[in-house]
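Everything numeric here is computed off the predicted structure, so don't read it as measured data.
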2 protein chains.
Amino acid sequence: MAARGAAQNKGPATAQAHQSHNHRECIDDALTRAREICAARDVQLTPLREKVLQIVWRSHKPVGAYDVLDELARSHKSARPPTVYRALDFLMGEGLIHKIESLNAYLGCTEAGAPHSGQFLICRQCGATEEIVDPKLEAALDQAAKRVHFSAEHKVVEISGLCARCAA
Amino acid sequence: MAARGAAQNKGPATAQAHQSHNHRECIDDALTRAREICAARDVQLTPLREKVLQIVWRSHKPVGAYDVLDELARSHKSARPPTVYRALDFLMGEGLIHKIESLNAYLGCTEAGAPHSGQFLICRQCGATEEIVDPKLEAALDQAAKRVHFSAEHKVVEISGLCARCAA
DNA sequence: ACACGGGCTGTTATCTTGTAACATTGCGCC
DNA sequence: GGCGCAATGTTACAAGATAACAGCCCGTGT
Ligand SMILES: [Zn+2]
Ligand SMILES: [Zn+2]
Ligand SMILES: [Zn+2]
Ligand SMILES: [Zn+2]
């Protein structure tokens, strides 16, 4: 998966969302992976759900539900809010997208298939949002909860600021 | 307007959300501290703002803006959404309350005066939400951002699950 | 005194985000 | 050929947040 591979690279790393890259590959990889995952789990990635996933993956910026709706409606006249929210709920349930709580928006998951709670770096300048997987951060979260005997289930980590490119 | 309905509890009725304690003290301390802070900064903690702060501090559960509004309206008939949001914005600006992004709700800050980004443990059962300050977690967040040359400005950390009491 | 300006609040209307509730369709199964 | 279930269609509304403009209060300068 292109996005995933980039995230693992050591180099000037953030920049997947910024550096020009073949985003078509990101989309294709995400859709292929989603089909595999849903097939393996025997759940239905219907055309509607797949279309919504595609729309969410149009960029590396979180996209609002009503933006998804506008886009979806171009090819699917009967689309209404529940249409979109159901698809988004399904995709979240299968771990194919994440909700960015601080933006009320949705983002394709670059680590689909491996259950995880997302950790996000959100550029306030360009909007590009990168999902990171940082075991030390994960451990620190678990430790913090454990310290007060709190049983953690879902973790929201959203850091906003300036990406490397925009800071320069 | 009236159609929006009355305030109701977010948690179960049982919900002694947290360990029993003299919550009056929590409120008094928070208000005293807020007055000191605002005086020191030469900003106005007006009666309206103080009242809103008081309402937010009625419990250790995050409270929605419209719940604040309903409560405020009991003593302040002219209260409208902008009334509440302005007060909440002021209080957030001065670091006296936090917004819990994953709940679209607001919570009194227990560390007012010391600039910090909040870290929260949210019990899905009783609603009680505890603000923690964990330097190791803070460091892990900074490290994670630094690793990809991201300049962090605001950090959202919200862990939901079961508090010690509810897990037992 | 009086005009001015800035900060706070009042007021109306609207926008954005998300759900409830019920109807309909399509398909595997018996 | 009727049943059950998952997915989608459809209508209506709830919940969260802001835009835009009006009025008020009070301190300052003249
Ligand atoms: Zn891409
Ligand atoms: Zn950027
Ligand atoms: Zn208390
Ligand atoms: Zn609890």
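For A/Leu103 and C/dT16, the CG to P distance is 16 Å, given to the nearest whole Å. Atom CG of A/Leu88 is separated from atom P of D/dT8 by 12 Å (rounded to the nearest Å). Between B/Lys77 atom NZ and C/dT11 atom P there is a gap of 12 Å when expressed in whole angstrom units. If you measure from atom CG of A/Leu45 to atom P of D/dA6, you get 17 Å, rounded to the nearest angstrom. The distance between atom CG of A/Leu69 and atom P of D/dT8, rounded to the nearest whole Å, is 15 Å. If you measure from atom CZ of A/Arg80 to atom P of C/dT24, you get 16 Å, rounded to the nearest angstrom. Atom-to-atom, OH of A/Tyr66 to P of C/dG18 comes out at 8 Å; the value is rounded to the nearest Å. Rounded to whole Å, the distance from CG on A/Asp42 to C1' on D/dA6 is 13 Å.
Side chain A/Arg86 to base C/dG18: no donor-acceptor pair is found below 3.5 Å.
Nearest nucleotide to the side chain of B/Leu48, out of C/dG10, C/dA21, C/dT19: C/dG10. The side chain of A/Pro82 lies closest to C/dA20, out of C/dT9, C/dA20, C/dT12. Checking D/dA17, C/dT17, D/dT11 against the side-chain heavy atoms of A/Asn104 singles out C/dT17 as nearest.
Ion pairing of A/Arg58 with A/Glu71 is present here, as a side-chain N (NZ or NE/NH1/NH2) and a carboxylate O approach within less than 4.0 Å. Salt-bridge formation is detected for the pair B/Glu50/B/Arg35: a Lys NZ or Arg NE/NH1/NH2 atom is positioned less than 4.0 Å from an Asp or Glu carboxylate oxygen.
Residue contacts for B/Lys99: at a heavy-atom cut-off of 4.0 Å it reaches the sugar-phosphate backbone alone, with no base atom in range. At a threshold of 4.0 angstrom between heavy atoms, the contacts of A/Arg49 are confined to the sugar-phosphate backbone, with no base atom among them. Among the protein residues, A/Phe90 comes within range of no part of the nucleic acid, since none of its heavy atoms lies under 4.0 Å from any strand.
What you find for A/Val148 and B/Ala164 is that their closest heavy atoms are O-CB, 4.2 Å.
Proximity of A/His76 to the phosphate of D/dG9: a side-chain N or O atom is located under 4.0 Å from OP1 or OP2. Not one side-chain nitrogen or oxygen of B/Ser78 sits closer than 4.0 Å to the OP1 or OP2 atom of C/dT9. Contact check, B/Tyr106 against D/dA17: a side-chain N or O comes under 4.0 Å of OP1 or OP2. In terms of phosphate contacts, A/Gln44 brings a side-chain nitrogen or oxygen within less than 4.0 Å of OP1 or OP2 of D/dA7. In terms of phosphate contacts, B/Tyr85 brings no side-chain nitrogen or oxygen within less than 4.0 Å of OP1 or OP2 of D/dT18.
Counting only N and O atoms by type, the side chains of A/Gln119 and A/Glu138 include a donor and acceptor under 3.5 Å apart.
For an aromatic pair to be called close, the ring centres must be under 6.0 Å apart, and B/Tyr106 with B/His98 fails this.
Taken to the nearest 0.5 Å, the OG1 atom of B/Thr32 stands 10.5 Å off from the CD1 atom of B/Ile37.
A residue-by-residue look at B/Ala105 and A/Thr83 shows that A/Thr83 has its nearest nucleotide of DNA chain D further toward the 5' end.
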